[in-house]
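I have placed the structure first, in the form of structure tokens, so that the comments after it can refer back to it.
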Amino acid sequence: MSAGLAGQWALVTGASKGIGYGIAEKLVGDGANVVLVARNVDDLEEAERKLVKLAGPEQRLVVRPADTGDREAIAELF
């Protein structure tokens with residue numbers, strides 16, 4: 001783990017797979033705390049299980065299922 005982003009927060013949408021997961025993985029590897037957002041709860045929880053193994057003891061991962069195409073879901077997210 002790099003400490004380059006230690007203490008910083010990032011929100012990643014589409015974080016359960018594909019490019020979104022790759023971005024979340026890089027951010028976690030660089031020391032960031034990451035909010036993982038995606039629609040599918042099962043896929044999101046699987047992504048969290050993988051990423052927690054990369055996270056350092058001081059890092060936080062927060063899982064928030066949400067459809068970012070839904071304005072109410074976005075409001076609840078923030």
Side-chain angles (χ1 to χ4, degrees):
M1 172 185 82
S2 164
L5 295 175
Q8 300 298 308
W9 280 91
L11 183 141
V12 180
T13 60
S16 63
K17 44 185 155 169
I19 293 170
Y21 177 82
I23 291 168
E25 184 177 45
K26 176 66 173 148
L27 289 165
V28 169
D30 285 345
N33 300 306
V34 181
V35 179
L36 307 166
V37 180
R39 290 179 294 188
N40 186 294
V41 174
D42 293 334
D43 290 343
L44 194 54
E45 289 174 348
E46 178 63 23
E48 178 189 28
R49 279 190 287 278
K50 292 177 187 176
L51 292 172
V52 78
K53 294 176 185 176
L54 300 175
E58 301 297 318
Q59 282 178 276
R60 293 191 55 209
L61 297 176
V62 177
V63 173
R64 292 290 185 254
D67 180 353
T68 57
D70 178 345
R71 287 180 187 242
E72 289 181 27
I74 295 292
E76 287 180 32
L77 179 61
F78 287 96

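Values below: every heavy atom of this structure, side chains too, minus hydrogens, waters and symmetry copies.
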Would you kindly confirm whether I19 and L11 end up in one hydrophobic cluster when ILVMFWY residues are joined by side chain heavy atoms under 4.5 Å apart?
no
Does Q59 use its side chain to pair, donor to acceptor, with the backbone of A32 at less than 3.5 Å?
yes
If two hydrophobic side chains count as joined below 4.5 Å and joins carry through other members, does I23 share a cluster with L61?
yes
Can you give me the closest heavy-atom contact between D67 and A73, atom names plus distance?
O-CB, 3.4 Å
Is there a side chain to side chain contact (heavy atoms under 4.5 Å, CB included) between L51 and V34 once you walk through the steps?
CA-CA 10 Å; L51 292 172; V34 181; 6.0 Å; no
Does a sphere of radius 6.0 Å around CZ in R71 hold more than 12 heavy atoms from other residues, nucleotides or ligands, not counting ones at 6.0 Å or beyond?
no
Counting C-beta onward and ignoring hydrogens, is there a side-chain heavy-atom pair between D42 and E46 closer than 4.5 Å?
no
As a quick check of understanding, evaluate side chain to side chain contact (heavy atoms under 4.5 Å, CB included) for D43 and Y21, giving each step before the final call.
CA-CA 10 Å; D43 290 343; Y21 177 82; over 6 Å; no
Co-membership, hydrophobic cluster, residues V41 and V37, 4.5 Å side-chain:
no
Quick one: CG on L27 to CD on Q8, what's the gap to the nearest 0.5 Å?
11.0 Å
Compare every heavy atom of A47 with every heavy atom of A15, then report the nearest pair and how far apart it is.
O-CB, 3.8 Å
State the CZ-OG1 distance between R39 and T68, to the nearest 0.5 angstrom.
7.5 Å
Hydrophobic cluster membership, L77 vs W9, 4.5 Å side-chain cutoff:
yes
Applying a strict under-4.5 Å side-chain criterion to I, L, V, M, F, W and Y, I'd like to know whether V52 and V28 cluster together.
yes
Nearest 0.5 Å, what's the CD-CG distance between E45 and N40?
9.0 Å
